[in-house]
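These notes are about the structure you will find just below.
Only a predicted model underlies this, so the values are computations on that prediction, with no experimental measurement involved. Both backbone and side-chain heavy atoms feed into the values below; hydrogens, waters and symmetry mates do not. In this chain, numbering begins with 1 at the start of the sequence shown.
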Amino acid sequence: MTSPRQRAIAEFILDHLVWFMLAVVLIAFSIFVPNFFQIGIFANIVEQSTFVGVMAIGLAIVIIAGHMDLSVESTAALAAMITGILFCSRGIGMGLTLTPEWLVIPVSLIISLAVGGLIGCLNGVFTIRLRMNAFIVTLASYIWVRGLVVAVSGGRSAQDLAPSLRIVGIQQLLYVPLIAWIAILCFIVFSFIMQRTPFGRHITLIGGNAVAAFRAGIKVDRLMFISFILAGAIAGLAGWLLAIRTSGATANLGTGMLFNAFAAVVIGGVSLKGGVGKLPGVYAGVLLLSSIHTAINLMGLPAHYTQVILGLLVLAAVLLDTLKLQIRQRFA
């Protein structure tokens, strides 16, 4: 028999395991990797986690709800490309200007969110309304949206983003770029939504048992539809931030981010079975991956080492998910 105190300690450790892993990794890297322990490096880790982190928010929400969205990477790329085409002045950029100049920030953001939301809506229609498999639907979206990026750009790039928009990627607060603070704010807001609002609690219940949620009076289809739209819109936000950071867009922008976002979600404690996971853990997973990338670069190791480590981390995280369930059953 276990006491309530032991059970509470075990639950706390299991719920925050990824944060303990992050702390251990940062301490180890600070000791063994030359030049790792400095403010600039930690600020770079936070900045590099921006785009994958924002993308991972929407992906995590859909997975917690019991589905899958493989289209977030291509959705972000399309949002970035459209932002680049409209507001860049070189390459294929149209160089649109607004008066006053600061209007370009909200207008470009709304366009990116709308682009992402539209793709998410299409995914929702096929998955929720037409009862098609979410994996197949979003995989198809991953392919055709990336093709659309190449089609609208002609394989060319847009460069020199409007200065009033570019400034968002240049300004820093406490050594950390403003775009990284936007990502942190997104995690705070959506963590609150998922943990403290009926929407978040219902999404989690749906992922745990959709039939039971429906019988309890929860509008399962409607909330699932909203989750796909949210995932698309959040991916659009990631693309907007990516365009700002790179001051434009290319046809292959964001390639490979889906795997990193998926890895962060799984490592962050979100169960692929649905119904389990918290966004703060996902952010810790993103920071962990970014820390590993940074350490490998500082050590001068080949890039493929990163892929090996990430693959092993994902495998370990899936195994850990099974072990967590067994441990919780033992303490129940």
Side-chain angles (χ1 to χ4, degrees), residues 47-59 71-123 141 145-146 148-173 176-190 228-255 257 261:
E47 180 185 4
Q48 293 303 317
S49 66
T50 297
F51 319 108
V52 171
V54 172
M55 194 181 297
I57 294 174
L59 179 59
S71 67
V72 289
E73 175 192 301
S74 298
T75 300
L78 181 61
M81 180 57 71
I82 291 177
T83 300
I85 290 174
L86 292 177
F87 299 105
C88 283
S89 56
R90 293 178 54 201
I92 59 174
M94 298 169 59
L96 293 181
T97 57
L98 300 174
T99 306
E101 290 186 5
W102 61 265
L103 274 177
V104 71
I105 295 176
V107 170
S108 61
L109 176 58
I110 290 171
I111 291 173
S112 295
L113 293 175
V115 168
L118 178 60
I119 295 172
C121 183
L122 291 175
N123 289 336
S141 294
V145 174
R146 178 62 75 171
L148 187 59
V149 173
V150 178
V152 298
S153 66
R156 297 176 294 165
S157 62
Q159 302 147 10
D160 278 355
L161 203 61
S164 52
L165 188 55
R166 177 73 176 120
I167 197 171
V168 178
I170 298 174
Q171 289 295 324
Q172 293 187 347
L173 178 63
V176 176
L178 192 57
I179 55 174
W181 285 109
I182 293 174
I184 293 171
L185 179 62
C186 286
F187 269 101
I188 293 173
V189 170
F190 282 101
F228 275 105
I229 295 175
L230 262 181
I234 295 170
L237 172 61
W240 182 74
L241 294 171
L242 196 56
I244 291 174
R245 180 65 179 80
T246 57
S247 190
T250 60
N252 64 348
L253 188 66
T255 301
M257 282 190 177

Ignoring hydrogens, what is the shortest heavy-atom contact between Phe187 and Val54? Give both atom names and the distance.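 For Phe187 versus Val54, the nearest heavy atoms are CE1-N, 4.4 Å.
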Can you tell me how far apart [atom1] ([X]) and [atom2] ([Y]) are? Round to the nearest 0.5 Å.
{"X": "Cys186", "Y": "Ile57", "atom1": "SG", "atom2": "CD1", "value": "5.0 Å"}
{"X": "Ile179", "Y": "Gln172", "atom1": "CD1", "atom2": "CD", "value": "10.0 Å"}
{"X": "Leu122", "Y": "Ile229", "atom1": "CG", "atom2": "CD1", "value": "9.5 Å"}
{"X": "Ile234", "Y": "Met55", "atom1": "CD1", "atom2": "CE", "value": "11.5 Å"}

Give every donor-acceptor pair under 3.5 Å between a side-chain atom in residues 235-242 and any protein atom, sequence neighbours left out.
{"unit_1": "Trp240", "atom_1": "NE1", "unit_2": "Ser108", "atom_2": "OG", "d": "2.8"}

Ignoring hydrogens and angles, write down the donor-acceptor pairs under 3.5 Å from the side chains of residues 161-170, residues two or more places apart or on other chains.
{"unit_1": "Ser164", "atom_1": "OG", "unit_2": "Glu101", "atom_2": "O", "d": "3.3"}
{"unit_1": "Arg166", "atom_1": "NH1", "unit_2": "Ile244", "atom_2": "O", "d": "2.7"}
{"unit_1": "Arg166", "atom_1": "NH1", "unit_2": "Arg245", "atom_2": "O", "d": "3.4"}

Considering residues at least two apart in sequence or located in another chain, which fulfil the side-chain contact (heavy atoms from CB on, under 4.5 Å) criterion with [X]?
{"X": "Thr246", "answer": "Leu253"}
{"X": "Ile184", "answer": "Val46, Trp181, Ile188, Tyr283"}
{"X": "Val150", "answer": "Ala251"}

Can you name the residues that form a side chain to side chain donor-acceptor pair (under 3.5 Å) with Thr250, not counting sequence neighbours?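 Side chain to side chain donor-acceptor pair (under 3.5 Å) list for Thr250, sorted by chain: Asn252.
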Suppose the criterion is salt bridge (Lys or Arg N to Asp or Glu O under 4.0 Å): which pairs have a residue in residues 176-187, not counting sequence neighbours?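 Output for this query is empty, none listed.
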Atom pairs and distances, donor-acceptor, side-chain atoms in residues 85-97, under 3.5 Å, two or more places apart:
{"unit_1": "Ser89", "atom_1": "OG", "unit_2": "Asp160", "atom_2": "O", "d": "3.3"}

Show me the side-chain donor-acceptor pairs of residues 72-84 shorter than 3.5 Å, one per line, residues at least two apart or across chains.
{"unit_1": "Glu73", "atom_1": "OE1", "unit_2": "Gly256", "atom_2": "N", "d": "3.2"}
{"unit_1": "Glu73", "atom_1": "OE1", "unit_2": "Met257", "atom_2": "N", "d": "3.2"}
{"unit_1": "Glu73", "atom_1": "OE1", "unit_2": "Leu258", "atom_2": "N", "d": "2.9"}
{"unit_1": "Glu73", "atom_1": "OE2", "unit_2": "Arg146", "atom_2": "NH2", "d": "3.1"}
{"unit_1": "Ser74", "atom_1": "OG", "unit_2": "Tyr142", "atom_2": "O", "d": "2.6"}
{"unit_1": "Thr75", "atom_1": "OG1", "unit_2": "Ser71", "atom_2": "O", "d": "2.8"}
{"unit_1": "Thr83", "atom_1": "OG1", "unit_2": "Ala79", "atom_2": "O", "d": "2.8"}
{"unit_1": "Thr83", "atom_1": "OG1", "unit_2": "Ser112", "atom_2": "OG", "d": "3.0"}

Flag the pair Leu103 / Thr99 as yes when at least one side-chain heavy-atom distance between them is below 4.5 Å, and no otherwise.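 A side-chain contact under 4.5 Å is absent here.
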